[in-house]
Amino acid sequence: MGSPKKNENKGFFAAMTSGFSMFGSAMSRSVNGLLSYEGVEVINPEGGKEDAEEEAQRGRWKDEERDSYWKMMQKYIGSDITSMVTLPVIIFEPMTMLQKMAELMEYSHLLDQADECEDPYMRLVYASSWAISVYFAYQRTWKPFNPILGETYEMANHGGISFLSEQVSHHPPMSAGHAENEHFTYDITSKLKTKLLGNSVDVYPVGRTRVTLKRDGVVLDLVPPLTKIHNLIFGRTWVDSPGEMVMTNLTTGDKVVLYFQPCGWFGSGRYEVDGYVYSADEEPKIMMTGKWNEKISYQPCDTEGEPLPGTELKEVWHLADVPKNDKFQYTHFAHKINSFDTAPAKLLASDSRLRPDRYALEQGDLSKAGTEKHSLEERQRAEKRTRETKGQKFTPRWFDLTDEITATPWGDIEVYQYNGKYTEHRDTAASSSSASDEADLKSIEFNPWQYGNISTE
């Protein structure tokens with residue numbers, strides 16, 4: 001089911017939606033003649049036509065690096081480049097994909113509110129606003145590190161949440177995550193796919209995301225839109241996530257369908273989100289609108305999607321204050337994710353915080369970061385060769401592969417389920433000894449290989 005009313009002129013909300021959509025086809029302009037590179041599109045999200053040549057030369061690459069990587073990347077056009085291309089640390093941020101998964105927990109209080117809410121439609125307003133809230137963080141143009149097989153990330157000391165993610169497969173790259181507090185459980189299996197389109201790349205969020213609200217046992221399923229990264233090599237890199245986000249209450253059949261507007265000419269429509277909460281019989285109940293980088297509001301509506309008389313738009317979420325001029329465009333919460341303030345008392349040696357390449361980049365030492373990244377990748381290859389020689393198989397420690405296969409708009413995915421062993425490990429560690437201070441935690445040597453289960457095939 002599409003986002004209804006978005007192409008019909010029925011009221012201010014529908015008119016606003018169709019008005020944003022009409023600019024989509026004008027969102028890019030070619031500078032092939034300026035650069036002499038066929039098939040390259042350079043897009044300026046701020047709009048404007050007079051600065052095409054200047055915009056084409058913007059970015060973080062030196063001229064010789066840009067030309068070199070363009071020649072290298074040409075052979076991968078049309079391919080999934082999730083793990084097949086070795087990239088320089090200059091385009092990385094000091095965070096791994098496992099940590100980036102945890103950024104969805106910043107506004108977890110919205111899930112707490114969804115659990116406490118008795119209105120089934122307002123539950124979806126709170127829960128979908130939580131899902132939207134992470135897109136401000138997703139617009140960062142730096143690439144996170146690919147996790148090493150067996151790598152983990154743990155987070156505590158935030159909203160009563162215990163969060164754990166683990167790299168459960170290397171080829172294809174797959175991650176699994178679990179979070180829990182007194183109000184909800186969150187489970188995800190993620191297998192990102194990419195498609196290189198020249199100077200841009202499409203990122204397909206192949207995965208299964210489930211949230212269980214504990215009070216009534218309500219289960220919510222989330223399907224997010226794809227993400228487009230523009231100007232990888234030429235021009236100012238920027239991110240857009242056009243398309244539909246669908247969250248379905250699997251218990252009742254109610255759902256919310258939200259349309260992320262594509263960025264149009266002169267930046268028209270960028271960041272805009274609008275849609276409706278529907279009953280199980282597909283009748284609109286609540287309209288939602290806003291910008292994913294600012295705030296989201298809602299208003300009850302009639303069966304035609306028009307605001308109910310006597311009601312008004314009410315804000316449900318707004319962006320928290322963010323640091324100014326942050327090098328990596330981090331939020332305060334992103335900095336907390338990287339810090340040891342959110343680490344549990346006894347940290348696993350496989351934790352992303354302990355990666356020497358990530359830490360070196362965080363300290364601004366690009367040379368050391370590149371050396372450490374290469375060293376970790378070589379060791380991972382060596383570990384794989386050793387397993388293959390011995391006929392051994394790696395299986396993750398904290399998540400088990402199930403028989404379930406979930407279909408997504410971009411392909412099927414095998415589902416990993418949290419097995420509860422980490423909870424036992426955490427409780428045992430907490431009761432057996434005193435908490436470590438930050439210096440003790442930083443001294444732990446990164447070792448993602450010690451926790452995985454190795455068995456003979």
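All figures in this text were calculated on a predicted structure; none of them were measured in a lab.
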Any side-chain donor paired with an acceptor under 3.5 Å for Ser241 and Thr227?
yes
Determine whether Tyr330 and Val322 make a side-chain contact, defined as any pair of heavy atoms from C-beta on separated by less than 4.5 Å.
no
Test of understanding: with ring pair (Phe, Tyr, Trp, His ring centres under 6.0 Å), list the residues that count as partners of Phe333, not counting sequence neighbours.
His158
Quick check: Phe92 with Trp142 (ring centres under 6.0 Å apart)?
no
Short side-chain donor-acceptor distance under 3.5 Å, Glu315 and Tyr298:
no
Gln167 side chain reached by Pro173 side chain, heavy atoms, under 4.5 Å:
yes
Is there a donor-acceptor contact under 3.5 Å from the side chain of Ser133 to the main chain of Trp130?
yes
His374, NE2: over 12 other non-hydrogen atoms inside 6.0 angstrom:
no
Under the criterion side chain to side chain donor-acceptor pair (under 3.5 Å), I'd like the reasoning laid out for Glu414 against Thr189: C-alpha separation, chi angles, the key distance, then a yes or no.
CA-CA 8 Å; Glu414 307 84 359; Thr189 302; over 6 Å; no
Once side-chain hydrogen bond (donor to acceptor under 3.5 Å, both in side chains) is applied, do any residues pair with Tyr153, and if so which ones, sequence neighbours excluded?
Arg353
Between Asp351 (side chain only) and Leu354 (backbone N and O only), is there a donor and an acceptor less than 3.5 Å apart?
no
Can you find a side-chain donor-acceptor pair between Thr237 and Thr141 that sits under 3.5 Å?
no
Would you tell me whether Tyr422 and Glu154 have side-chain atoms, one donor and one acceptor, within less than 3.5 Å of each other?
yes
Those residues that, when tested against Phe399, pass ring pair (Phe, Tyr, Trp, His ring centres under 6.0 Å) (two or more places apart)
Tyr418
With a 4.0 Å cut-off, would you call Glu103 and Arg140 a salt bridge?
yes
Any side-chain donor paired with an acceptor under 3.5 Å for Asp112 and His183?
no
Going by atom types alone, do Asn338 and Arg358 pair a side-chain donor with an acceptor below 3.5 Å?
yes
Quick one: does Leu366's side chain get under 4.5 Å of Leu361's, heavy atoms only?
yes
Flag, side chain of Gln380 to backbone of Leu149, donor-acceptor distance under 3.5 Å
yes
Measure the CZ-CD distance between Arg210 and Gln417 for me, rounded to the nearest 0.5 Å.
9.5 Å
Side-chain donor or acceptor of Asp357 paired with backbone N/O of Ala360 under 3.5 Å:
no
Are Glu106 and Lys336 ion-paired here, with the side-chain N under 4.0 Å from a carboxylate O?
no
Has the side chain of Asn419 got a donor or acceptor atom that lies under 3.5 Å from a matching backbone atom of Arg397?
yes
Would you kindly say whether Asn249 and Thr252 are connected by a side-chain donor-acceptor distance under 3.5 Å?
yes
Met155 side, atom CE; Ser165 side, atom OG - distance, nearest 0.5 Å:
9.0 Å
